[in-house]
Amino acid sequence: MRIYNTLTGKKEEFIPVAEGKVGMYACGVTVYDHCHIGHARSAVVFDVMRRYMIHKGYLFKYIRNFTDIDDKIINRAKQEGISWNAVAKKYTDEYYQDMDRLGVGRADVEPKATDHISEIIGIVKGLVDKGYAYEVDRSVYFEVGKFPGYGKLSKRDLEDMVAGARVEVDERKRNPMDFALWKASKEGEPSWDSPWGPGRPGWHIECTAMSIKHLGETFDIHGGGADLIFPHHENEIAQSEAYTGKPFVKYWVHNGFITVDKEKMSKSLGNFFTIQEILNKFDAEAVRFFLLSTHYRSPIEFSDEQLREAEVSIDRYYTTLLRIRDFLSQESEKEKAGPDEKALDEMLAKFLDRFKEAMDDDFNTALAIGIIYELVRMLNKYMDGRPSGKKAVELIKKADEMLRETGNVLNLFHRTPEEWYRALMAVKEIGLTEDDILARIGERKAARERKDWAEADRIRKELEEKGILLEDRKDGTGWKVRV
RNA sequence: GGCGGCGUACCCAAGUGGCUAAGGGAGAGGUCUGCAAAACCUUUAUGCAGCGGUUCAAAUCCGCUCGCCGCCUCCA
């Protein structure tokens with residue numbers, strides 16, 4: 001398979017450090033506030049990468065950290081009048097709630113910065129000993145000028161950056177780009193003992209300490225949002241490779257941003273939507289679908305319209321699933337080949353390979369979803385031909401299994417149609433119960449039997465106004481939630 | 001100022017040298033239906049921002065122009 005590597009700027013054949021085994025570290029979140037849809041994108045994208053790698057048969061180890069100590073957390077604690085660790089706990093819990101709803105699995109290890117203070121101190125000490133870092137006023141800085149490869153990930157050199165001059169000049173630093181490995185604590189701030197006095201880790205060092213501890217000094221994949229390329233990941237490379245003398249990461253992967261009116265969604269612009277806000281209006285599966293319907297490196301423009309389209313697409317899938325189930329529950333002894341039997345057979349023969357090909361090409365979930373929908377259309381077409389008998393059942397069953405397999409990789413389409421409609425009823429705030437709907441359908445059936453079309457249409461209209469659509473079929477009337 | 005990315009139909013979005021440019025939504029027409037809905041079929045880019053160039057062959061490579069965005073500061 002091929003993966004786009006930020007370090008080299010191109011797609012490369014993926015060859016793990018150790019055959020058959022893959023280690024991936026993704027930068028998680030700083031737990032000081034609600035997560036927004038951008039955080040969701042990153043989490044979902046890496047979740048799918050992991051699922052697909054496991055599906056391919058790799059022994060996969062996934063690490064995703066929580067940054068549970070930093071300035072923003074400390075500030076937040078002051079604002080809320082609670083302790084810094086209470087802030088961290090609150091937003092960690094909320095993170096899990098959001099991710100559970102989005103179908104994002106737990107990582108194999110979810111380390112916290114504050115649980116790795118001794119490892120961090122060990123690395124900082126090592127960097128000082130090797131001459132890559134220096135102490136000033138009980139803080140320790142990494143000296144970027146000492147690391148020749150500095151800038152190789154973000155494709156820039158030190159002179160350009162310094163000339164950019166948007167860096168705050170701290171007179172104590174030897175170079176404005178030098179960054180803190182260890183920060184001396186001010187009075188009243190949380191702190192840990194260290195050889196340089198009480199302090200806390202700088203932002204970047206935790207990822208070096210935790211990834212090396214859990215994945216080794218050289219590992220396969222390190223990822224995060226594209227905004228982490230500089231300075232965070234650039235600094236990680238510098239401190240890690242300076243410390244170990246070995247290449248740190250083989251493949252760097254970064255997801256693109258979510259935009260609003262073409263601008264990056266961010267806290268500072270205030271143009272963000274929290275995951276909770278969005279999940280109040282749209283089903284979580286639709287949100288996940290929305291995030292996967294564009295390639296992970298491209299920007300995605302956020303809008304309600306897009307989310308609604310995602311719901312429509314998922315609805316189409318479940319409508320087909322329902323049809324498949326009805327088809328399989330029919331007694332069909334008469335052997336009748338539909339007109340599209342051959343075409344379906346051929347599509348099924350290639351389906352899983354085409355899906356894999358898409359995913360093998362830098363996790364092209366958008367293409368993969370397109371392939372799934374080609375099959376959905378073919379299945380509907382095939383069933384429109386009213387085939388029956390053993391061969392037909394066999395084909396439909398096979399298709400059903402394949403769809404389940406691809407759905408599992410993406411962690412989409414895993415519910416029953418009923419669960420989908422119930423979820424939609426809740427999120428769209430339909431003020432009716434299933435029993436209400438079935439009762440109205442019963443009344444309408446009676447009206448239809450006496451050919452009272454006006455009454456039948458009135459009931460249908462009434463339900464439609466409440467967001468419920470009726471579909472008359474040969475064997476009765478079905479209902480669905482309007483999306 | 002430095003570095004990087006993007007511009008594919010009415011909208012969203014795959015496609016990075018070679019079969020008829022995926023898929024979804026929206027629109028139009030049709031099949032089906034009591035009428036609908038769903039589903040299916042047909043239809044909507046001789047063309048991929050524009051202009052040049054390389055090539056037997058380009059949306060795809062190169063150059064220039066226009067437009068948009070990102071990073072260079074915390075940020076998924």
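Letters A, B, ... mirror the listed sequences (proteins, then strands); counts begin at 1. Only a predicted model underlies this, so the values are computations on that prediction, with no experimental measurement involved.
At a threshold of 4.0 angstrom between heavy atoms, the contacts of A/G28 are confined to the sugar-phosphate backbone, with no base atom among them. Across all strands, A/K72 comes closer than 4.0 Å only to sugar-phosphate atoms, never to a base (heavy-atom distances). The residue A/K264 sits close to a base: some heavy atom pair falls under 4.0 Å. When heavy atoms are screened at a 4.0 angstrom cut-off, A/G225 is found touching the sugar-phosphate backbone but no base atom. In this structure, A/I258 reaches the bases: a heavy-atom distance under 4.0 Å links it to at least one base atom across the strands shown. If you check every strand for non-hydrogen atoms under 4.0 Å, A/H232 touches nothing. Within 4.0 Å (heavy atoms only), A/M383 reaches no atom of the nucleic acid at all.
In this structure, CZ of A/F179 is placed 12 Å from P of B/C74, rounded to the nearest angstrom. Note: CZ (A/R156) to P (B/G70) measures 15 Å, nearest angstrom. In this entry the distance linking NZ of A/K10 with C1' of B/C61 reads 15 Å, nearest Å. B/C3 atom P lies 19 Å from atom CG of A/L7, rounded to whole Å. When the P atom of B/G2 is taken as reference, atom CG of A/L158 falls 18 Å away, rounded to whole Å. Taking atom CD of A/E374 as the reference point, atom C1' of B/A14 lies 11 Å away to the nearest angstrom. Rounded to whole Å, the distance from NE2 on A/H222 to P on B/A76 is 13 Å. One interatomic measurement links the two molecules: CZ of A/F230 to C1' of B/A76, which rounds to 18 Å at whole-angstrom precision.
Under the Watson-Crick or G-U wobble criterion, with both distances below 3.5 Å, B/C10 is paired with B/G25. The pairing partner recorded for B/A37 is none, the criterion being a Watson-Crick or G-U wobble arrangement whose two distances lie under 3.5 angstrom. Base pairing analysis places B/G1 opposite B/C72; the two distances defining the Watson-Crick or G-U wobble pair are each below 3.5 Å. The partner of B/A49, taking Watson-Crick or G-U wobble pairs whose two distances both stay under 3.5 Å, is B/U65. The partner of B/G18, taking Watson-Crick or G-U wobble pairs whose two distances both stay under 3.5 Å, is B/C56. Pairing of B/C32, defined by two Watson-Crick or G-U wobble distances under 3.5 Å, is not identified with any nucleotide.
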Quiz item: What do the steps show when you test A/F355 against A/L410 for side chain to side chain contact (heavy atoms under 4.5 Å, CB included), and what is the final call?
Solution: CA-CA 11 Å; A/F355 179 83; A/L410 302 174; 4.3 Å; yes

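Taking every heavy atom of both residues into account, A/E301 and A/V260 meet most closely at OE2-C, 3.7 Å.
Nucleotides B/U20 and B/U46 place their P atoms 16 Å apart, quoted to the nearest Å. With both ends at atom C1', the span from B/U16 to B/C32 equals 43 Å, rounded to whole Å. Look at the C1' atom in both B/A9 and B/U43: the space between them is 13 Å, to the nearest Å. Comparing the same atom, P, in B/C10 and in B/G5 gives a spacing of 28 Å after rounding to whole Å. Spacing between B/C64 and B/G27 at atom P, rounded to whole Å, works out to 44 Å. B/U44 and B/C3 are spaced 41 Å apart, taking the C1' atom of each and rounding to whole Å. Rounded to whole Å, the C1' atom of B/C66 lies 10 Å from the corresponding atom of B/C51. Taking atom C1' in both B/A38 and B/A49, one finds a spacing of 39 Å when rounded to whole Å.
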Practice problem: Take nucleotides 25-41 of chain B nucleotide by nucleotide from the 5' end and write B, S or -, depending on whether a protein heavy atom sits under 4.0 Å from the base, only from the sugar-phosphate, or from neither. | Solution: S--------BBBBSSSS

What are the atom names and distances for every N/O pair under 3.5 Å that joins the protein to nucleotides 47-50 of chain B?
none

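By the ring pair (Phe, Tyr, Trp, His ring centres under 6.0 Å) test, A/Y52 is found to be paired with no residue, residues two or more places apart in sequence or in another chain being considered. Remark: A/E206 engages no residue in a salt bridge (charged side-chain N to carboxylate O under 4.0 Å, His left out) (not counting sequence neighbours). For A/K183, the side-chain contact (heavy atoms from CB on, under 4.5 Å) partners are A/D71, A/A180, A/R200, not counting sequence neighbours. In this view, A/Y318 and A/W420 satisfy the ring pair (Phe, Tyr, Trp, His ring centres under 6.0 Å) rule, not counting sequence neighbours. Every residue two or more places apart in sequence or in another chain that forms a ring pair (Phe, Tyr, Trp, His ring centres under 6.0 Å) with A/Y91 is listed here: A/H34. Residues that satisfy the side chain to side chain donor-acceptor pair (under 3.5 Å) test with A/E418, not counting sequence neighbours, are A/R325. Judged as a side chain to side chain donor-acceptor pair (under 3.5 Å), and not counting sequence neighbours, the contacts of A/E405 are A/H55.
Contact check of residues 284-292 of chain A against RNA chain B (heavy atom, cut-off under 4.0 Å) returns no residues at all. Contacts between residues 353-370 of chain A and RNA chain B, defined by a heavy-atom separation under 4.0 Å, are made by A/N364, A/A366, A/L367, A/G370.
Comparing B/C72, B/A14, B/A76 by their nearest atom to the side chain of A/M265 picks out B/A76. Distances from the side chain of A/F257 to the nucleotides B/G23, B/C74, B/A76 place B/A76 closest.
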Please set out all donor-acceptor pairs under 3.5 angstrom arising from side-chain atoms of residues 370-379 of chain A, sequence neighbours excluded.
from	atom 1	to	atom 2	distance (Å)
A/Y373	OH	A/S313	O	2.6
A/E374	OE1	A/R354	NH2	2.8

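In this structure, A/Y95 has its ring center closer than 6.0 angstrom to the ring center of A/F66.
The distance from the CZ atom of A/R41 to the NE2 atom of A/H36 is 12.5 Å, given to the nearest 0.5 Å. Going from atom NZ of A/K152 over to atom CD1 of A/I237 covers 6.0 Å, rounded to the nearest 0.5 Å. If you take CG on A/L395 and CG on A/L344, they are separated by 5.0 Å, rounding to the nearest 0.5 Å. Distance NZ/A/K480 to CG/A/L322: 9.0 Å, rounded to 0.5 Å.
When each of A/W252, A/F248, A/Y62 is checked for a ring-ring contact (aromatic ring centres under 6.0 Å, His included) with A/F219, only A/F248 meets the rule.
Using cut-offs of 30° and 60° on the angle between ring planes, the pair A/H222 and A/H233 is perpendicular.
Both A/I371 and A/E301 sit near RNA chain B, but only A/E301 has its closest nucleotide nearer the 5' end. Judged by closest nucleotide on RNA chain B, A/S298 is the one of A/D227 and A/S298 placed further toward the 5' end.
In this model, the phosphate group of B/G7 is not approached by any side-chain N or O of A/K262 to a distance below 4.0 Å at OP1 or OP2.
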